[in-house]
Number of protein chains: 2
Amino acid sequence: MQKLTPKQQRVYDYIRDTLAATGAPPTRAEIARALGFASANAAQAHLRTLARKGAIELGSRRSRGIRLVGADDDVGERAANDEADAGLPVVGRVAAGEPILAIEHIERRVRIADDVFTSPADYLLTVRGDSMTGIGILDGDLLGVKSADDIRQGQIGVFRIGDEVTVKRFIQSETGDVRLRAENPDYADIQIDPTQDELVLEGLAVGIVRSIH
Amino acid sequence: MQKLTPKQQRVYDYIRDTLAATGAPPTRAEIARALGFASANAAQAHLRTLARKGAIELGSRRSRGIRLVGADDDVGERAANDEADAGLPVVGRVAAGEPILAIEHIERRVRIADDVFTSPADYLLTVRGDSMTGIGILDGDLLGVKSADDIRQGQIGVFRIGDEVTVKRFIQSETGDVRLRAENPDYADIQIDPTQDELVLEGLAVGIVRSIH
DNA sequence: TTGCATGCTGTAAATATATCCAGTTACAGC
DNA sequence: GCTGTAACTGGATATATTTACAGCATGCAA
C-alpha cells in the first residue's frame with residue numbers, strides 16, 4: 001500500500017470512522033459533506049486514488065461498495081490482505097476496453113482453494129445470459145477463469161469481441177476460420193471476421209460454482 | 001433481543017455473512033435473491049420484524065442501513081475448526097444402507113469456504129447420471145449438500161430411497177403425495193408409495209462445483 | 001369464528017447513489 | 001513556460017435502493 005497524502009488519509013479515516021459508527025461504509029455524498037466538498041465527485045476522485053494506492057477496494061456500481069484493505073482492521077475482518085486469503089475476485093460487468101480484472105469490477109471475493117478445479121482459476125466471472133445452458137453453464141453462475149494466451153479446438157473460453165465479453169466454445173476450421181459456438185440451440189454461433197472483429201482471448205474456463213437456493 | 005423464527009434467523013445470518021464477505025450490509029434485493037424471495041418487499045418485512053425484535057437497527061432511507069445489534073459482538077468472526085481447514089469431504093458412491101458420510105466414502109477433501117454458497121454445505125456429493133441436466137447439474141459435478149430434516153416444495157434435495165441415493169426436485173401435491181422430479185425429459189418422475197418405499201431426506205442442495213477441462 | 005403474526009408476490013414511486021463529463025485552481029519539477 | 005498530480009466545482013444521467021400500497025395464504029391463539 002502506497003503512502004497517502006494528508007487529504008487522502010482524512011478520507012480514509014472518515015471511511016473507517018463511518019464503518020465503526022454506522023456499520024456500513026459512507027457514500028460519495030457523505031464523504032463530501034463530512035470533508036466539506038461541494039461535489040460528491042471530489043470524493044469519487046479521492047476514492048479512485050485510494051483504490052489505486054491499494055488502501056481500499058471499490059465495488060462496481062455497488063452502493064457503499066468501499067472496502068478497507070489497509071493496515072486497519074477494526075471491522076472484524078479476518079486479517080486477509082493478500083489475495084490468497086481474501087479469495088478469488090468475482091468480476092461482474094466489464095466495461096468497454098478496460099482490463100477484465102480492473103479493481104473497479106471486483107464485486108466481492110470468494111474463497112476457493114487452488115485444488116478445487118483441475119487447473120487453478122485466476123478469477124471468477126459472473127455468467128450473463130443463457131447461451132451456454134446446453135453444457136450446464138447457467139445465468140448467474142460463477143465461471144472460474146484462468147488467464148491464457150491461446151486456446152485449443154473445442155475448449156470453452158472467455159472472449160472479448162470489440163467491447164463485449166462472452167463465454168463460448170472455440171471452433172477453428174481447417175481453413176483457419178474461427179467460430180464461437182453457443183451451447184444452446186436458441187443462439188447462433190458467432191462467426192469471426194478477422195478483417196472486422198477484434199477477437200481477444202481473456203482466458204480459459206476451468207470451472208463452475210453455483211449457489212442453489 | 002427476542003427470539004427469532006428460523007426464517008428470521010436465516011435473514012440475520014445472511015446479513016452477518018454479507019457484512020463479513022463484502023464489508024457492507026446487503027440491500028433488500030440482495031437478501032431476497034439470496035433467500036429465494038421473488039420480491040424485495042419480503043426482505044423488507046423481515047427486516048422490520050428483526051428491528052422490532054431488537055436484532056438489528058434500521059437507518060431510514062439509507063442504502064444498506066442495516067446494523068447488527070444482536071448478541072454477536074464480533075461481526076466478521078468466523079469459526080475455523082479443523083474441518084474447515086481440511087475442506088469439505090467429497091463423497092462418491094454410497095453403498096447400501098450405510099450412512100452417507102461414512103469415512104469409507106470420503107474420496108478427498110476440497111477447500112471451499114462457508115461463504116461461497118448462500119447456505120454453507122456440509123459435504124460434497126459427486127453427481128451420477130444425467131437426470132438433472134435440465135437445471136445445469138451434470139454427471140460428475142460436485143453437489144454441495146447441507147444436512148436437513150425437512151424440505152419444502154420445489155427444492156432440490158438428496159434423497160435415499162431404499163438403498164439408492166438420488167438428487168431430485170421435491171414435489172408434494174395437495175393430497176400429500178410425494179414425487180421426486182427429474183429435471184430431464186428423458187427421465188420419469190419417481191412416485192413415492194409410502195407403503196412400499198422408505199424415503200429419507202439426506203440433505204438440501206446448496207450449490208454446484210464443476211471442473212472444466 | 002375472529003383476529004393476529006408470519007411470510008410471502010407484484011407494482012410503482014420516491015429517493016439515494018455511483019459515475020461520467022467538462023472545467024478550474026494550485027503547486028512542484030523540469 | 002510546460003507537464004503532471006492533487007484537489008476541487010457543477011451538472012447530468014443511469015442505476016440502485018428504499019418504501020409504500022394492495023393483495024394472498026397459513027397457522028395459531030382467544
Side-chain angles (χ1 to χ4, degrees), chain A residues 2-12 14-15 18 22 24-53 55-67 92-98 102-108 128 213, chain B residues 2-12 14-15 18 22 24-53 55-67 150 152-155 172 174 176:
Chain A
Q2 292 175 46
K3 201 152 189 293
L4 304 182
T5 67
K7 213 55 191 287
Q8 289 163 4
Q9 188 63 49
R10 284 191 62 199
V11 175
Y12 183 92
Y14 176 68
I15 297 169
T18 303
T22 74
T27 65
R28 274 66 167 164
E30 286 169 357
I31 295 172
R33 206 180 320 135
L35 301 225
F37 308 154
S39 166
N41 198 33
Q44 170 79 327
H46 274 302
L47 292 178
R48 264 204 276 257
T49 308
L50 287 175
R52 180 167 48 75
K53 291 193 172 180
I56 62 173
E57 272 181 16
L58 289 177
S60 184
R61 274 166 239 271
R62 229 172 159 273
S63 77
R64 301 175 192 273
I66 305 173
R67 182 145 230 248
R93 260 182 249 180
V94 179
E98 294 176 15
I103 194 90
E104 293 83 25
H105 302 141
I106 299 178
E107 296 179 339
R108 59 194 175 108
R128 298 286 166 211
H213 308 302
Chain B
Q2 290 174 48
K3 200 154 191 294
L4 304 181
T5 67
K7 214 56 191 287
Q8 290 161 4
Q9 187 64 49
R10 283 191 64 197
V11 175
Y12 183 92
Y14 177 69
I15 298 170
T18 302
T22 74
T27 65
R28 274 66 168 166
E30 285 170 355
I31 296 172
R33 206 180 321 137
L35 302 224
F37 308 154
S39 165
N41 200 30
Q44 170 80 325
H46 273 301
L47 291 178
R48 265 203 275 257
T49 309
L50 286 175
R52 181 168 48 73
K53 290 192 172 181
I56 62 173
E57 273 177 16
L58 288 178
S60 183
R61 271 164 240 271
R62 222 172 164 274
S63 78
R64 302 176 191 273
I66 305 173
R67 177 140 233 248
D150 37 45
R152 282 173 304 162
Q153 180 73 255
Q155 284 186 313
Q172 188 159 31
E174 290 160 12

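These values consider heavy atoms only, across backbone and side chains, with no hydrogens, waters or symmetry-generated copies. Naming: A, B, ... by sequence-line order, numbering from 1 per chain. Values in this document were obtained by computation on a predicted structure and should not be read as measured data.
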Any pair counted as salt bridge (charged side-chain N to carboxylate O under 4.0 Å, His left out), so long as it reaches residues 31-48 of chain B, sequence neighbours left out = none
Between [X] ([atom1]) and [N] ([atom2]), how many Å, whole number?
| X | N | atom1 | atom2 | value |
| --- | --- | --- | --- | --- |
| B:Q44 | C:dC8 | CD | P | 14 Å |
| B:R64 | C:dT15 | CZ | C1' | 16 Å |
| A:L58 | D:dA16 | CG | P | 16 Å |

Between [N] and [X], is there an OP1 or OP2 to side-chain N/O distance shorter than 4.0 Å?
| X | N | result |
| --- | --- | --- |
| A:S63 | D:dT17 | yes |
| B:R61 | D:dT19 | no |
| A:R48 | C:dC20 | yes |
| A:R28 | C:dA18 | yes |

List for me each residue that meets side-chain hydrogen bond (donor to acceptor under 3.5 Å, both in side chains) alongside A:R28, sequence neighbours excluded, and say none if there are none.
-> A:Q44
Does the ring centre of A:F37 sit less than 6.0 Å away from the ring centre of A:H46?
-> yes
Atom pairs, protein N/O to nucleotides 7-12 of chain D N/O, distance under 3.5 Å:
residue, atom, partner, partner atom, Å
D:dA7, OP1, A:T5, OG1, 3.2
D:dA7, OP2, A:Q8, NE2, 3.2
D:dC8, OP1, A:K7, NZ, 3.0
D:dC8, OP2, A:K7, NZ, 2.7
D:dC8, OP2, A:H46, NE2, 3.3
D:dT9, OP1, A:A38, N, 2.7
D:dT9, OP2, A:A38, N, 2.8
D:dT9, OP2, A:S39, N, 3.0
D:dT9, O4, A:N41, ND2, 3.3
D:dG10, N7, A:S39, OG, 3.1
D:dG10, O6, A:N41, ND2, 3.2

Pairing of DNA chain C as dot-bracket, 5' to 3': ( ) intra-strand, [ ] crossing, | other strand, . unpaired, with Watson-Crick or G-U pairs under 3.5 Å?
-> ||||||||||||||||||||||||||||||
Among all residues two or more places apart in sequence or in another chain, which pass the ring pair (Phe, Tyr, Trp, His ring centres under 6.0 Å) test with B:Y14?
-> none
Taking for A:G65 and for B:R52 the nucleotide of DNA chain C with the nearest heavy atom, the one nearer the 5' end belongs to B:R52
Where the side chain of A:R64 meets the backbone of B:A24, is there a donor-acceptor pair that is under 3.5 Å apart?
-> no
Distances under 3.5 Å between protein N/O atoms and the N/O atoms of nucleotides 26-29 of chain D, please, pair by pair.
none

